[in-house]
Amino acid sequence: MSGTKIAILASYLVLALVAVMADGLLSSYAMYVLGGLALAHLVEIVLFYKRCQQAGGSLPVHVLSVFLFGIFHVKELEKAAQ
């Protein structure tokens with residue numbers, strides 16, 4: 001797993017911890033950010049679904065990776081295809 005993907009997972013963890021443990025406004029902002037990221041990555045899944053199908057390997061793993069990492073996973077798919 002690349003350093004970028006590890007940093008993204010760490011960011012999600014921090015946001016989730018803030019959303020659960022913080023009080024009031026900070027918790028709300030963390031939830032809004034997480035919700036916005038989820039919506040953005042769902043759009044990316046729709047946009048890059050065909051590329052995930054063409055990549056070979058496990059389609060569910062590719063779709064989950066696009067949901068978690070977005071364009072960073074798609075760039076890895078393109079790099080592997082060359």
Side-chain angles (χ1 to χ4, degrees):
M1 184 177 295
S2 70
T4 304
K5 287 183 175 182
I6 292 170
I8 291 170
L9 287 176
S11 299
Y12 289 153
L13 178 63
V14 169
L15 281 169
L17 288 173
V18 169
V20 171
M21 297 182 139
D23 290 331
L25 198 56
L26 190 58
S27 176
S28 294
Y29 285 152
M31 288 299 292
Y32 288 136
V33 170
L34 286 171
L37 286 169
L39 287 174
H41 288 291
L42 286 172
V43 169
E44 285 180 328
I45 288 172
V46 171
L47 293 175
F48 297 120
Y49 186 78
K50 191 168 192 165
R51 207 169 285 174
C52 290
Q53 284 180 319
Q54 295 168 345
S58 174
L59 179 61
V61 170
H62 288 306
V63 170
L64 178 63
S65 294
V66 170
F67 181 73
L68 291 175
F69 307 115
I71 192 73
F72 296 106
H73 182 68
V74 174
K75 286 184 179 188
E76 286 182 3
L77 290 176
E78 291 172 355
K79 190 182 241 185
Q82 293 178 354

In terms of hydrophobic clustering (I, L, V, M, F, W, Y; side-chain heavy atoms under 4.5 Å; direct or indirect links), are [X] and [Y] co-clustered?
| X | Y | result |
| --- | --- | --- |
| Val46 | Val66 | no |
| Leu68 | Phe72 | yes |
| Leu64 | Leu13 | no |
| Ile6 | Val14 | no |
| Val61 | Ile45 | no |

Q | With sequence neighbours excluded, residues passing salt bridge (Lys or Arg N to Asp or Glu O under 4.0 Å) with Lys5 | A |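 Salt bridge (Lys or Arg N to Asp or Glu O under 4.0 Å) list for Lys5, sorted by chain: Glu76.
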
Please set out all donor-acceptor pairs under 3.5 angstrom arising from side-chain atoms of residues 21-33, sequence neighbours excluded.
residue	atom	partner	partner atom	Å
Ser27	OG	Ala19	O	2.6
Ser28	OG	Gly24	O	3.4

Q. How long is the span from the OG atom in Ser2 to the CD1 atom in Ile8, to the nearest 0.5 Å?
A. 7.0 Å

Q. Between CD1 of Ile71 and CG of Leu47, what distance do you get to the nearest 0.5 Å?
A. 9.0 Å

**Q.** Contact check, side chains of Leu15 and Leu37, non-hydrogen atoms, under 4.5 Å
**A.**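 Sidechains of Leu37 and Leu15: in contact.
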
Q. Any side-chain heavy atom of Leu9 sitting closer than 4.5 Å to one from Met1?
A. yes

Q) Tell me, which pairs form a salt bridge (charged side-chain N to carboxylate O under 4.0 Å, His left out) where one or both residues lie in residues 31-41, sequence neighbours left out? A)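 Checked against salt bridge (charged side-chain N to carboxylate O under 4.0 Å, His left out) - neighbours excluded - no pair reaches residues 31-41.
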
Q) Does anything in residues 45-59 pair up under salt bridge (charged side-chain N to carboxylate O under 4.0 Å, His left out), and if so which pairs, sequence neighbours excluded? A)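 The answer is Arg51-Glu78.
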
Q) Who passes side-chain hydrogen bond (donor to acceptor under 3.5 Å, both in side chains) against Tyr12, sequence neighbours left out? A) His41

Q: Would you name the heavy atoms of Cys52 and Val63 that are closest together and state the gap between them?
A: SG-N, 4.5 Å

Q) Which pairs with one or both residues in residues 43-62 pass ring pair (Phe, Tyr, Trp, His ring centres under 6.0 Å), sequence neighbours excluded? A) His62-His73

